[in-house]
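Letters A, B, ... are given to chains in the order of the sequence lines, protein chains preceding strands, and every chain is numbered from 1.
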Amino acid sequence: MATSNPSVFLLMINGQIEGADFPEYDELYCKYCFVYGHDWAPTSGLEEGISQISSRGRDTRHGLVWNFPVEITFKSTNPFGWPQIVVSVYGPDTFGNDVVRGYGAVHVPVTPGKHVKTIPMFVPESTSRLQKFTSWLMGRRPEFTDPKVIAQGEGREVTRVHSQGSVSFSFNIVTKDMKKLGYDVGHPRDV
Amino acid sequence: MASPSDLREKIRKKRRALQESLAKSKDDVDTQALVTTEMEMSRDRGRTEVEQELSGSQEQQVTTLKQTLKAQRMRRRRKLLSDTTAEATRGEQPMGTELSEVGEPLDSVTKPRSTWHTQRDLPPLPVETPLRRRVAEKLKAARSKAETLLQQEALSEPTSCLQSLRDRETLTRFDVETDPGLLSREAGDLSTAARVKFQDVAHRVRQKAEMETGLPTAEMAYNFFTFNFDPEPQEEPVKHQKKRKSRRRDRAEEEEEEEEEEGDSHREEEEAGAEQEEEQEEGRDEDAPLVGDQGSELFIIDQTAQDFLEVKAVDYVGYHSRVQRESEVLFTPSLRTVPASSKVPENMQPRYMEDEGLYVGERPPMSRVNQNILENRILQQDEGKKWFGDDGRVQALPDPIKQSPTRPPLFSLEGDLDPALQTVYRKALKSKHAGRYIPGAGPGEGHRHCQLDVDVAGLIFSHHPLFSREHVLGARLAQLYDQHLARQSRNLTGLLTDKLNGLRNALRNIKDLHGEQGRSMAMRQRIVEYKEEVKNTRILRNTEQEKDRTLLKSIVKVWKEMKALREFQRFTNTAYKLHLRRELVELQKDEQGFEAEIQTELAELKGEFEDEYQRKMEQYSQQHEEWRTWRRKQARKKKKKAKMRDDGEEEEEEEEEEEQEEEFLGDEPPKPELPEKQDWALAEQQVRERASRWRRRPGEPVLVPEISLSGSITPTEQCPRGEIARREDISKRSLLVKVLYNDKEVSRTDRRTLSSDFRVHFGQIFNLKIVNWPESVRLQVFEVVGSSSSLLAEVFVPLPDTTVLTGSAPFQELEFGSSQRVAFDHEGVGSDVPFSFEVDGSNKLTLLTSGKLSCCISWAVDNNDVPLAPPTSQQPWGVRSGLRQMDAIACIGASGLSDMKKLSKWAAESRLDPNDPSNAMLMQLLTVASSGSMQMPDYFRLEQLQEEFNFVTDEELQRSKRFRLLTLRSQEVAEFRNYKNIPAVEREVSEKVFQDYERRLQEGEVIDTRDHLDAHRALVAKYLQKVQESVVNRFLISKHHFILSDLVQEDEVPSIGVLGLNLFKLAEPKRPLKPQRKERKKVTAQNLSDGDIKVLVNIIRAYDIPIRKPLSSKPAMASKSARSFKEPFAAGQSSQSALQGGDWPLSQSQIRPFVEVSFQRTVCQTTTADGPNPCWNEELELPFSAPNGDYSTSSLQSMKDEVFINIFDEMVFDITEDERERGSSVHTRIERHWLGSVKIPFSTVYLQSRIDGTFKVQSPAVLLGYSKERSLASEGGYDAVRCLSEGSFITLFITIQPQLIPGESVRERFDTQEEERLLQAAEVFQRDAALCFPGRPCITTVIDINGRAVFVTRYIRALSPPQELLDAFPNSPQETMDLVARYVSLIPSLPDSVSFAGICDIWSTCDQFLTLLAGDEEEHAVLLCNYFLFMKKKAWLIIGTAVPEGPTAYVLTYEQGHYLIWDPSKGQYYGQYDTFCPLQTVGCLINADNVWFNLQPYDAPMRMSFDVTRSKLWKPFFSRAFPNPGLSSVQPEEIAYNRPDKAAAAELQDRIEKVLKEKIMEWRPRHPTRWNRYCTSTLRHFLPKLELSGGRDVGEEHRLELHNLLGDYRISGFPLHMAFSELHPLMEMVYSTGVHNVEAPSIEFALAVYVHPYPSSVLSVWVYLASLVRTR
């Protein structure tokens, strides 16, 4: 089946959103989606997903665990626009309103092998104190119009964010035919 | 006797006590000031030292010592016991009472002491030594003294004093004794103080002991004992001390005991610390017998020491005395107020300034107490009074606290500033030169850049600081030789000689031909001219010859000097070698030639002299004559004078003077005759002399100097040191040249080392691709020594003319120089430093660094041999250089360079010498065509290293399809903007991908006239496309600029109003039955796909649909009523009775209309209703698909699709052929007849999100077979109003489901040329307007076609409409207005949102509008308004909203008390109170002077007043506060109109007709389409009439006419009318009528087209479409 002259290369991502570390918040869930360039197309797997709500552990680490699997395969002709995974975390605030707790994005690792990434998360800030107060009161915090904007650099200069928490993500990367198409991503990392 | 352990215990305790006492005494030494103890201690110390010495020397006595010591100890013990018992009886009594009084804790402490005492009692030692005795005596004395003191104290102490206090005081007393100066009382607890002291003491004892005994640490001591060494005598003193101390302890019993008591309670704590010591002691104890022997002798010494010891009772100072003593030192300021008298100087009264009326500032507040303290304190000091003022208060500043913090001023901002430094605001000016781009570089004429090639060949130094002397000469030689070569190449002498010969020949010829007599005047003149020329040329030649010769001479001279120098310095630096080549000549011939030359010259000279002479003679004779006449006068005068001679000396003198003057004048002429002969000889001599001097002597060989560089340079090692240093210096230096274009460095050459011959070769060519006008090109020569470079010289290179092209441009040698002073200590001569060639140093020479830079600047030529030079015609500089002014080229002007005719004319006029070498270039230019061989320039890269980083080469990038695809995609080229999955490998990219793109590119170049039918429109379309492209590009750029709301969704802070409303809502009762409108969900357009969006059309009802007309009915002739503005909409047609059509095959109602909605070729229709006022109330749903599946906002906005709403009449024909079947079966054919349509562009729906209202149906002027039904039934009420209008109306509601969010306009601040103040005012005005009435549009500034903001009133200016229109109805202004409005409406409308997708509303000026022939409502309105203004009407622009356009512009005119509202894009007008006026709201009015914003409560035109003078209703922009600054108009003064082109119109008409006929046949694929020619021609005749009448009121006539002609046909048809823009909308319109759908078998069609041309290619198109069915 393997052709000697492939026209696309494949990138298979097996991984999971392991958990998060949000020192102040509890009962969070997360969404993920992929952002990729024009030359990329998912061939199998889910591009987007939403996890269960996870409560804080009782142990000393107080970690949130999702262990939410992510499996997707991309095909592409061009490394330009390499996929990024965008994770956004939501949870209830003190009034029970569902508010966003963090956005974060990371490029899918280029080299094959196992990678564990910790994605620092951030949320947009309110434009003014008053806004901040009312948004807190109404439970409608500022959100990005589209979580995907955090995978792009354009227009970010107009936003102000503050960072909170982090999400850890483990990837297992398998690529196919990249070298045949002339893309050398270096030695695969030892698993 | 007790057991040994008991004994040991006892001893230990004793020792401890001893140690403590010792510690006490030691402490005393440290702290006590008492002389006695001091003395004692010093003695003590001295004694221990002695002991040490003794112990060191008297080892042999150890044994005896031990014994004696033992005995001594025993004795002492006994003594101690007896002492203590005695003491117990005497001294303890008062103490004991005291102690018992202290209380419980002390009791417990006393217990062990008592046991201790008893234990101590055990060994009695009655032995008395003299010392002991003495000591005992002293002790006794001291004790008695202490007792007396105690008793005294007890007496002096007040009885009320508490015992504890007394107890404390005993201790205090102790302290006072130790340090009487110390005033601090021990405030702390007694026990703690004691504990501290005790610990301290213990510590010190340990230290002291160590120091005294030489035992460094306790550990060492411990080790010593545990290791069981032999006993050392060092221990002795401890023992002695112990004994001594025990004795002293007795002496200080009282104090000691107290100490002990207090110390006891802390002994436990102390024990841990003292444990080691104790062990040590223990060890010592065990060893005691060893040391004991020594003790006896030591004790003797001790005895001597004790002699000096004076025991004295502690001095006690009583409390009061102490207080007294203290009061001498201490001062406690009192809190009481100081009496004023003590503060002021004596015998003075305090003086209060305030009472005297002087101002006294307010003092800072201060508490009274503090003030008193301060005053008291001050008074205590010497001269304390000087701190007090006259008023007896402390002197103080009024308020020393500054209210505000100050800092040193930086500089005073106002006043002091130098007026020269003051900033002055000036409005920014457009610089004429900055950023001046070369025209033609713009996109309009295709990308054409200019390229300047700068070739830096190299440079030669004519002088350099590193020149050796020889170099200087060499340079001079080379220079001379160059000069020589240059002269030789020019060969001036030869040329002049030739010229001279030629002239002579010519002269001779003339003379020969014409002889002397036959000379005409002109001839003579010519001869004279020739002679003059000969003379000049000869002189010139002679000077040239002279120059040649001197040059040659100097060359030889320099060479000789150089040779001499080389010999002198014994080395050679330069390779110069001069050869003089001799060319031998024949002596004979040479001589002859020489002589002949001289002879001719002489002859000429002679001739010249003769001429001169003759001329002079003439002059002379003339003057002589004058002189003679004068003379005669003089004679007469003299006579007169002689008579007057007697008058006086003075006069005589005067006269003589006069005479002399006159004689002098008279003497002038007669002389010239004489010198001639002499001159001649002299002249000959001169000539010969000159010839010999300047010319080669006959026979002398011709010397040709040749300089070669073949000479050998002495190798460096053979040179003297100075020279070596110079050469080394040279090798260190390198040079580089920077190229500066317009004062910006664009490039630089590589560094080249300076060679020994001071020539540097660069040979680098820089291709400068330029966009700015060249102002200057500079070359900077840098000299680099090591890493530092210095600017040596700067050379301005003249800019080349546009004709100077690469390949043909000559190299220029530009001289440069530097005045830098450089001096060396080696052979280099330096620069600006005098040096000499002479040995004696005379004849000094100072040379400056100079040289020549060889370079060439020219304009590049591209591969098509097109020079890449800027166009010459627009050279903005006038005369750029002084050099050029002298030039022939400058005389004509730079533009003349390209004008060869002008140049040749100038050449002819100025009679250029074709042989003159300086003219050679010009001559060549004149004769040879300017275009020579051109060569392809290769590009110059500014980033030279770019190539290193290039991914692939540019060619590869261009060649590769894949890369090209990627590039185009990243450039966001429309075709590839969202291209997905660009193949990974080259071969998979198909060629097809680029087809569309390339075609588009090509189309851009070639104008495709096929689609446009009209060349002008094709051009316009192309132009429009370009404008659109540029705007879209800008839009794309601005799309990458984000604002916060693009990225972050955030709720607005609720305003008070909203909060209040919400609160009210909470309070209001819930009414479940009250329906509430829910806001529809808005959807962003991006995430949509086909089928998601639907267009909903709700057709509610229609009014006044024409009804069918029975064929047979004889209509009354329609009388055309004159229309007037007063009654503009009075129905012209007499109403006809709506008869039930008896002719119809089936008895049907008068009309059965239905509505068909078509959108994107999807058709939906309603059910059929009945009657002229049907009501459908049906919702139709049409799917919507975006072009190319692109649901982005911009793509949706630019959709040109329209929603067509057509009203049809459904007719049912019975086509049952067989009458017998009629009963059983129904066989009918349904036909539908188009009645009218409404078009609504999708973009309007999209932008407005919903369209709701009643619209006028665009129905044809004539509907064959139909007539307007007039509701006769009711003549009042609503119908009456409605009847006033003509035409049918339909009520609609259109929206898009789900609601799309319309794109926002670009948030870009457009650049502008308006004044800032105006813009600000406009902003404020608009903001205020939006605040008061958010729904009312208000416009102050608009964007013109160049994207600049322009104030809107500039658009309004009276403009003349085409003269044809004005002439059409000279007598009727109303008709003219109608016609003008019609003309304006015929200009096709193209919404800006379509062409400039959602970007902005662009207002073009009227001439642009007429050129483009497309525009928005605004353009129509502005044009119409301007026309009306020209026609002296009162006209305004209305900015408002209308259905269905949304925000739009209308025109308001004022006519005889009525306001009329004109819809400029339809050419219709409405009265102010017209119900069906599409204008819904009026926002503001604009005319040329002002903008008024509507402040009225209502904005519907019906309910408002248009009187702009009432400022309560209309808010003016320019008011008295801000007057109109007199804005000039952006409109042209006049619009030039093209004549209507009838021929083109006719041609277009034919083409349209042909195309439409083809289309109709195409649309009927299953049926034959027959054309009724007869009908067609009839219709064609009829169309011009319709055009003339403007499509009104001809229906009846026309129908009758047709009826007569085609009586046996059932005709249904109508004329369609529209403004012509393109063919496509026409076809759409014809298609939408559905005429082609009639499928009756015998159907025939008629189609006629008429195109009426108006000025400026405005075309009105009529299409008459009819279907005919033969009725038999």
Fill in the blank from the handout: Honestly, the part of Phe9(A) sitting under 4.5 Å from a heavy atom of chain B is neither

Exercise for the section: Using a cut-off of 6.0 Å, state whether more than 12 heavy atoms not belonging to Lys1094(B) lie near its atom NZ. Expected result: yes

Handout entry: Region of Ser126(A) in contact with chain B, defined by heavy-atom distances below 4.5 Å
Key = both

Problem - Leading residue by heavy atom contact count with chain B [cutoff under 4.5 Å; candidates Gln131(A), Glu157(A), Arg140(A), Arg141(A)] - result: Gln131(A)

Problem - Atom of Thr77(A), atom of Arg962(B) and distance for their closest heavy-atom approach - result: O-NH2, 3.3 Å

Exercise for the section: Kindly indicate whether the side chain of Arg969(B), heavy atoms from C-beta on, has any atom under 4.5 Å from the side chain of Asp39(A). Expected result: yes

Fill in the blank from the handout: Under 4.5 Å to a heavy atom of chain B? For Thr159(A) that would be both

Exercise for the section: Could you tell me whether Phe994(B) atom CZ has more than 12 heavy atoms of other residues or ligands within 6.0 Å of it? Expected result: yes

Exercise for the section: Answer with side chain, backbone, both or neither: which region of Phe133(A) has an atom nearer than 4.5 Å to a non-hydrogen atom of chain B? Expected result: neither

Exercise for the section: Using a 4.5 Å cut-off on heavy atoms from C-beta on, say whether the side chain of Val1048(B) contacts that of Val149(A). Expected result: no

